[in-house]
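Let me begin by presenting the structure, written as structure tokens, before commenting on it.
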2 protein chains.
Amino acid sequence: MRGKPTLRDVAERAGCSITTASNILQGRSHLYREDMAQRVLNAAHELGYRANSVARSLARRRTATIAVVLDPQHARLTHNVYAHDVLDGVLAYLEPRDYDIRLITPRTNDPAAVWRRIDNGSIDGAILIAPVMGSSLLEWRHYSTLPVVAVGSTLPDEYLLSQVDIDNDAAMASMVEWVIQQGHRAIGFVKGHPLHWSAHQRERAFRRVMAQHGIPIREEWMLQGDYGSETGASAAAQLLRQDELPSVVLCANDEMAIGFIQKCRDLEIPVPDAISVAGFDDSYWARRMGIALTTVQHDRYQVGYLAAQILLHQLETGDARPQRMLIPGALVVRRSVALANVLAAVPDPHATILTEGGSRL
Amino acid sequence: MRGKPTLRDVAERAGCSITTASNILQGRSHLYREDMAQRVLNAAHELGYRANSVARSLARRRTATIAVVLDPQHARLTHNVYAHDVLDGVLAYLEPRDYDIRLITPRTNDPAAVWRRIDNGSIDGAILIAPVMGSSLLEWRHYSTLPVVAVGSTLPDEYLLSQVDIDNDAAMASMVEWVIQQGHRAIGFVKGHPLHWSAHQRERAFRRVMAQHGIPIREEWMLQGDYGSETGASAAAQLLRQDELPSVVLCANDEMAIGFIQKCRDLEIPVPDAISVAGFDDSYWARRMGIALTTVQHDRYQVGYLAAQILLHQLETGDARPQRMLIPGALVVRRSVALANVLAAVPDPHATILTEGGSRL
DNA sequence: GCCTGCTGTAGAAACGCTTCTAAAAACATC
DNA sequence: GATGTTTTTAGAAGCGTTTCTACAGCAGGC
């Protein structure tokens with residue numbers, strides 16, 4: 001026996017066949033007499049035997065490995081905060097179930113190359129993180145028969161893909177409802193990345209609720225962003241140049257809200273006194289930065305966790321019918337949105353944005 | 001041919017042996033006549049053949065997969081900003097070289113279980129991310145013969161482990177030198193996590209340079225932290241309670257510096273007017289938060305990139321001698337540290353901390 | 001004593017590929 | 001035309017598992 005001990009070594013030492021050793025080590029001891037089982041277990045332990053997972057995968061025709069695939073557009077983990085939370089959720093579900101994770105960050109957008117990389121026999125299924133419109137990831141059907149779950153993008157039905165996402169539509173709707181309830185009628189909006197479905201959903205929900213309340217939408221207050229804080233800042237610059245201003249601006253995510261607010265600061269425009277700002281996502285970093293942002297909180301960790309759960313369910317049952325799961329968000333009211341009328345009556349030049357603890361920025 | 005096409009299918013279609021097909025598809029066309037090679041290549045293309053990587057791994061006895069292992073103490077990716085940058089660097093190096101990444105986040109500290117998980121034949125080598133003192137990861141020699149590189153922890157030599165890390169010692173030394181040069185003599189220090197080697201190195205460098213300059217260290221100004229911003233804040237609280245204060249406090253990382261500064265704000269103690277604060281790491285988030293923190297910048301991405309490079313080199317050459325690589329950091333002077341004497345002369349009650357762009361916090 | 005039905009065990013094929021070894025074919029040499 | 005040399009191709013033995021199938025041995029029922 002040179003190198004690592006194999007099943008044959010264990011069998012030899014226990015004085016039995018490879019079959020017997022294999023069965024017992026897989027927990028099928030009840031097939032054998034007590035002493036046989038013990039002999040094998042002891043032999044394995046004495047040799048420090050560990051089953052070779054590659055050989056096992058080949059024989060079993062399954063690898064107990066799941067790929068987590070980032071969109072080529074967002075292949076840098078550093079800049080993809082969303083992916084961290086989702087990954088943690090995925091890991092939390094898979095690790096105890098002895099599944100492994102293969103992290104794939106394609107550097108190209110050629111679908112054939114991307115899928116050759118993903119589906120090369122080494123994984124049982126894949127979780128696609130926030131595929132954008134036109135992403136090569138979405139062409140999987142042409143290249144793969146693997147079970148796949150997409151997260152972070154609520155795709156049109158024709159993609160025939162299992163999905164887990166937050167309920168962008170409902171969450172944004174409740175945000176708009178709430179803002180209106182606070183007395184706001186002049187409402188601006190900063191849109192998200194045009195290639196993200198979530199951006200369109202959030203905008204659509206905004207427009208719908210506005211229409212339901214008979215509030216006209218001023219297109220000059222609808223600003224294009226891309227989910228990055230810089231575009232939030234430039235949206236602020238662009239908006240604040242106008243003669244007439246909205247009383248509140250809803251940003252399609254927190255990043256842009258942060259950018260927006262920081263630009264307001266630079267221009268010495270107090271938030272929420274002069275203008276209210278709301279975000280979406282309840283990012284850890286907005287809180288960390290001491291910005292008491294009114295926003296929508298949702299559980300990205302949970303998204304990852306559920307995606308992993310669905311994927312494993314599909315693997316185990318073979319039921320590959322696309323499933324869709326929407327997780328509700330929750331409105332988090334902090335201080336970046338003020339009552340529309342009250343503020344007009346009682347302006348307070350000293351109040352700026354407050355942290356949750358109440359300290360001044 | 002049912003299911004995916006195999007090498008046998010390709011060979012059959014091309015009318016040659018499996019050997020021939022295998023060789024040609026691996027790029028050894030020169031062994032064969034031109035037309036044979038073409039036939040095989042065409043057959044493979046027509047069938048949409050993709051080599052099964054599990055079978056290949058078994059036959060080749062190498063998997064072209066590297067494990068990236070987080071310390072069980074820091075298994076949540078969300079809370080491990082360091083890991084993101086390193087991972088990006090690792091991915092950037094490995095992806096073009098057709099290596100895959102297995103992400104492992106052990107949930108237990110039992111070394112046998114951890115290593116059974118890591119070294120089960122499915123990887124060729126491992127990169128350990130910032131193993132802490134006493135980590136089960138460091139006991140690898142008892143459980144594995146895999147090539148391993150540790151990053152983010154400059155370990156004592158006896159671990160016999162290849163390492164890539166930033167040069168904590170030199171970087172902290174230059175920070176201390178600079179601060180002294182700015183006229184400071186009353187210098188406090190907030191220590192990092194007691195289980196991290198980096199924390200000890202940074203502290204040791206601090207003490208050494210202080211001694212070199214003949215400046216006595218006041219132990220009541222040496223505060224224990226754990227690299228988290230909360231401990232930075234409590235260090236501030238603890239320090240500011242004292243009668244005599246240092247003119248500058250060096251924090252062992254940016255997180256703690258941020259916490260420290262935020263506590264100062266809460267207590268309405270102007271930084272750097274009343275007290276200067278420096279950090280270490282040049283975290284993206286300090287910049288984002290508009291804190292113009294004087295700190296040490298270093299390239300975590302590069303750390304990951306080099307670690308991957310070293311690991312692959314070891315795999316390819318078989319040269320497993322532990323290598324050590326230190327990456328220098330660079331002092332980044334911003335505004336959170338003021339000249340010690342100038343400030344005493346010209347106090348400016350209105351100046352608080354400034355962002356790089358010059359805007360007020 | 002023959003058949004049936006257990007139980008405990010082993011043999012052997014399969015998974016899909018790589019690669020060592022050797023045979024067949026082609027060519028050159030004298 | 002026999003011999004040696006080189007090129008081209010194929011056979012077959014792995015890699016370390018799993019698992020299907022079969023085969024002893026033995027009890028009980030007729």
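Because only heavy atoms are used, hydrogens play no part in the values below, and waters and symmetry mates are left out as well, while side chains stay in. Note that the coordinates shown come from a computational prediction; the quantities given were computed from them, not determined experimentally. Residue numbering restarts at 1 for every chain, and letters A, B, ... go by the order of the sequence lines.
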A cation-pi test, strictly: NZ or CZ of A:R28 under 6.0 Å from the centre of the six-membered ring of A:Y32 and no more than 45 degrees from its axis. Yes or no? no
From C:dG16, D:dT17, D:dA10, pick the nucleotide closest to the side chain of A:L58? C:dG16
No-H, no-angle donor-acceptor pair, A:T20 side chain to C:dG8 base, under 3.5 Å: no
B:R56 has a side chain; which of D:dT17, C:dG16, C:dC17 sits nearest to it? C:dC17
Which part of the nucleic acid, if any, lies within reach of A:R28 when heavy atoms closer than 4.0 Å are counted: base, sugar-phosphate only, or nothing? sugar-phosphate
Tell me yes or no: between the side chains of A:D110 and A:T108, is some donor less than 3.5 Å from an acceptor? no
Between A:Q26 (CD) and D:dG16 (C1'), how many Å, whole number? 12 Å
With a 3.5 Å cut-off and just heavy-atom distances, do the side chain of A:T19 and the base of D:dT19 make a donor-acceptor pair? yes
A:R300/A:D88 ion pair, N-O < 4.0 Å: no
Which of parallel (below 30°), tilted (30 to 60°) and perpendicular (above 60°) describes B:H74 and B:H193? perpendicular
Geometric class of the B:H84/A:H84 ring pair [parallel <30°, tilted 30-60°, perpendicular >60°]: parallel
D:dG16 P sits how many Å from A:L25 CG, rounded? 16 Å
Aromatic contact, A:Y159 with A:W140 (centres under 6.0 Å): no
B:R60 CZ to C:dG16 P, straight-line distance once rounded to whole Å: 17 Å
Nearest-Å distance for atom pair CG/C1', residues A:N120 and C:dG16: 13 Å
Nucleic acid contacts of residues 30-44 of chain A, taken as heavy-atom distances under 4.0 Å to DNA chain D: none
Taking OP1 and OP2 of C:dT18, is either one under 4.0 Å from a side-chain nitrogen or oxygen of B:S22? yes
Check this for me, if you would: do B:D165 and B:R324 make a salt bridge, where the nitrogen-to-carboxylate-oxygen distance has to be below 4.0 angstrom? no
Can you check the A:Y49 OH to D:dG16 C1' distance for me, whole Å? 7 Å
I need the CD1-C1' distance between A:I24 and C:dG8, as an integer number of Å. 10 Å
How do B:N23 and A:L7 order along DNA chain D: which one's closest nucleotide is nearer the 5' end? B:N23
Can you tell me if A:S17 touches the phosphate of C:dA10, counting only side-chain N or O atoms and a distance under 4.0 Å to OP1 or OP2? yes
To the nearest Å, give me how far apart CG (A:D9) and C1' (D:dG16) are. 11 Å
Taken to the nearest whole Å, CD1/A:I18 to P/D:dC20 is 17 Å
